[in-house]
Amino acid sequence: MALLADSRVLVVGGSSGIGLAVACACVGAGAKVTIASRSQSKLAEAVRSLGSTARTAVLDTADEDGVAAFFRDHEAFDHVVVSAAQTPSGPLRQLPLEQARSAMDSKFWGAYRIARFARLSERASLTFISGFLSERPSANAVLQGAINAALEALGRGLALELSPVRVNVVSPGMIDTPLWSKLDPAARNAMFERAAASLPAKAVGQPTDIANAVLFAMTTLFATGSTIRVDGGATIG
Ligand SMILES: NC(=O)c1ccc[n+]([C@@H]2O[C@H](COP(=O)([O-])OP(=O)(O)OC[C@H]3O[C@@H](n4cnc5c(N)ncnc54)[C@H](OP(=O)(O)O)[C@@H]3O)[C@@H](O)[C@H]2O)c1
């Protein structure tokens, strides 16, 4: 990963799960990494696992002025990864519209705001994280699929508009991250076991599986406008 050595990397949503795994891999490749998210305490805990070279920034992707100010105050980044999202989910007729809108605002508009204000070096990369529901809808999570599909379309379009900046999207399947920690442990384990049994890969993914794909997108100079599926075969299974 020589391409990452000394490069300036920002991981929005880097305090947990997939974003933290990306940050860890980038630190390992010699990059100067900043992780950003809303919670100072989560950032402080995450940076302990990343080592003293990583920096932190409290940033809420919902806060347009905050996002603009963050990029005004920082030098251009060589790679920006957006893994930040908090997306309430539920059936169409039960999920209150306000919560449905907040899901879109968090994941789609959050990524859009970062793209809109990011100061990027000339040959930078921008990588979004979507999710396999964009291609394989679930009757229980229709909104998630729509948000992920919108994000993938945004990535393809921005690859044209922001060229020569490269824009890619990584689409995970079910990954064992703190996203699922609100479920009680027995229910979560049962869900993971069911998912693993049904998937061609016969396993639930790990954050490092997605980090590998993100680093591929960051360092492969011919990759732009791509959506890279890493879903254990969920889309084909
Ligand atoms: N895990 C899966 O099975 C799975 C599957 C498909 C797709 N995905 C997608 O992968 C992405 C990462 O998920 P994950 O599993 O890594 O979740 P996670 O462990 O919950 O991490 C989410 C990260 O986003 C940050 N965040 C949330 N809202 C934010 C905001 N408004 N502004 C800034 N930071 C914010 C959180 O930190 P703070 O709380 O400190 O803000 C945290 O660092 C999400 O887009 C998710 O939809 C995950």
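In each ligand, atom 1 is the first atom listed, and ligand 1 is the first ligand listed. If you're wondering where the values come from, they're calculated on a predicted model, not measured in any experiment. Computed from heavy atoms alone, side chains included, the values below leave out hydrogens, waters and symmetry copies.
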Ignoring hydrogens, just give me the one of [options] whose non-hydrogen atom is nearest [atom].
atom	options	answer
atom 4 (C) of ligand 1	S39, G173, G131	G173
atom 40 (O) of ligand 1	A111, S37, A23, S83	S37
atom 48 (C) of ligand 1	I175, L179, T87	L179
atom 41 (O) of ligand 1	Q86, K182, R38	R38
atom 26 (N) of ligand 1	A36, A84, G205	A84

| query | Between the side chain of S163 and the main-chain N/O of A159, is any donor-acceptor distance below 3.5 Å? | reply |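 The answer is no, because no donor-acceptor pair under 3.5 Å joins these two groups.
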| Carboxylate-amine/guanidinium contact R116 E64, below 4.0 Å |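 No, this pair does not count.
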| message | Please determine whether a side-chain nitrogen of the Lys or Arg among R72 and D65 lies less than 4.0 Å from a carboxylate oxygen of the Asp or Glu. | response |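 Salt bridge flag = no for D65 with R72.
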| For F132, is the nearest heavy atom under 4.0 Å from an atom of ligand 1? |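 No, F132 has no heavy atom closer than 4.0 Å to ligand 1.
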| query | Hey, does S130 sit under 4.0 Å from ligand 1 if you only count heavy atoms? | reply |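 Judged by the 4.0 Å heavy-atom criterion, S130 does count as contacting ligand 1.
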| From D6 atom CG to D78 atom CG, the distance as rounded to the nearest 0.5 Å |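 D6 atom CG to D78 atom CG measures 10.0 Å (nearest 0.5 Å).
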| message | If I take atom OG1 from residue T56 and atom CD from residue Q40, how far apart are they, to the nearest 0.5 angstrom? | response |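 Spacing of OG1 (T56) from CD (Q40) equals 5.5 Å.
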Any N or O of [X] that comes nearer than 3.5 Å to an N or O of ligand 1?
X	answer
V12	no
Q144	no
S16	yes

| said: Do R119 and F71 form a cation-pi contact, if we require the NZ or CZ to be under 6.0 Å from the six-membered ring centre and within 45 degrees of the ring's axis? | reply: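 No.
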